[in-house]
Amino acid sequence: MAQHSAKGAQFQVITANRLHDGEVVYLDASGAWVADLKDALIAEGAEALEQLIAQATAEPCATGVLDIYPFEVIKDAVGQPIPASVRETIRAAGPTVRADLGKQTELR
């Protein structure tokens, strides 16, 4: 599993890519994979992160995702996750080559 977060990060989210379409997805509180980062479950601390990783990787063939890993987030004023890295900001928004494609079209 790739590691894309600081070792002592306070808040982290689990991400992956959906197999059938390559969409970036995030683990939510019910254990489902969702496409919107705001719906992701935020792990606070190392122990919570370990539990989320175990849940996310328990049945890798049945999940329909690949490349599962955690990344660091910060919480906005209402407690929703915001990626701490440029890489994850880009993954959350979609392709950078055309603004009319991907999730960023909703922001226009």
Side-chain angles (χ1 to χ4, degrees):
M1 178 181 319
Q3 183 69 5
H4 295 278
S5 60
K7 189 172 185 172
Q10 182 178 2
F11 303 113
Q12 297 190 64
V13 166
I14 303 292
T15 187
N17 289 90
R18 200 166 39 211
L19 284 171
H20 74 88
D21 62 1
E23 182 73 27
V24 175
V25 290
Y26 308 95
L27 191 67
D28 75 0
S30 71
W33 293 100
V34 295
D36 198 333
L37 178 58
K38 72 176 173 53
D39 297 326
L41 179 60
I42 301 172
E44 185 169 352
E47 194 172 303
L49 178 61
E50 285 178 30
Q51 291 174 352
L52 276 185
I53 291 171
Q55 178 182 354
T57 58
E59 297 181 46
C61 294
T63 61
V65 299
L66 58 87
D67 196 22
I68 300 168
Y69 65 87
F71 70 94
E72 185 175 3
V73 296
I74 56 174
K75 289 185 181 181
D76 68 8
V78 294
Q80 292 186 342
I82 299 172
S85 72
V86 172
R87 177 186 197 278
E88 295 304 330
T89 299
I90 292 169
R91 286 183 78 240
T96 59
V97 293
R98 289 182 47 191
D100 61 329
L101 298 175
K103 297 174 187 176
Q104 70 268 23
T105 60
E106 299 168 10
L107 304 174
R108 297 173 98 204

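Treat the numbers as computed from the prediction; the structure is a model and nothing was measured.
Looking at residues two or more places apart in sequence or on another chain, you find a side-chain contact (heavy atoms from CB on, under 4.5 Å) between Ala48 and Ala43. For the side-chain hydrogen bond (donor to acceptor under 3.5 Å, both in side chains) test, no residue two or more places apart in sequence or in another chain qualifies with Asp39. Listed by chain and residue number, Glu72 satisfy the side-chain contact (heavy atoms from CB on, under 4.5 Å) test with Ala84 (two or more places apart in sequence, or in another chain). Under the rule for a side-chain contact (heavy atoms from CB on, under 4.5 Å), Glu50 has no partner lying at least two apart in sequence or in another chain.
Atoms CD1 and OG1, on Ile14 and Thr57 in that order, are 8.5 Å from each other to the nearest 0.5 Å. The line from OG1 of Thr63 to CD of Gln55 is 11.5 Å long, rounded to the nearest 0.5 Å. Note: Arg91 CZ to Phe71 CZ = 7.0 Å, rounded to the nearest 0.5 Å.
Criterion: ILVMFWY side-chain heavy atoms under 4.5 Å apart, direct or through other members. Under it, Val25 and Ile53 are part of a common hydrophobic cluster.
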Could you tabulate the donor-acceptor pairs under 3.5 Å formed by side-chain atoms of residues 75-83, not counting sequence neighbours?
from  : atom 1 : to    : atom 2 : distance (Å)
Asp76 : OD1    : Val78 : N      : 3.0
Asp76 : OD1    : Gly79 : N      : 3.0
Asp76 : OD1    : Gln80 : N      : 2.8

Please assess Leu52 against Leu27 for the test side-chain contact (heavy atoms from CB on, under 4.5 Å), listing each intermediate value before the final yes or no.
CA-CA 8 Å; Leu52 276 185; Leu27 191 67; 3.9 Å; yes
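Asp67 places no side-chain N or O within donor-acceptor distance of the main-chain N or O of Asn17, the cut-off being under 3.5 Å. Looking only at distances, no side-chain donor or acceptor of Thr15 sits under 3.5 Å from a matching main-chain atom of Tyr69.
Between Gln12 and Leu49, the shortest heavy-atom contact is NE2-CD2, 3.1 Å. Across Tyr26 and Ala35, no two heavy atoms sit closer than the pair CE1-O, 3.7 Å.
In this structure the side chain of Leu66 reaches within 4.5 angstrom of the side chain of Leu19, judged on heavy atoms. The closest side-chain heavy-atom distance from Ile68 to Trp33 is below 4.5 Å.
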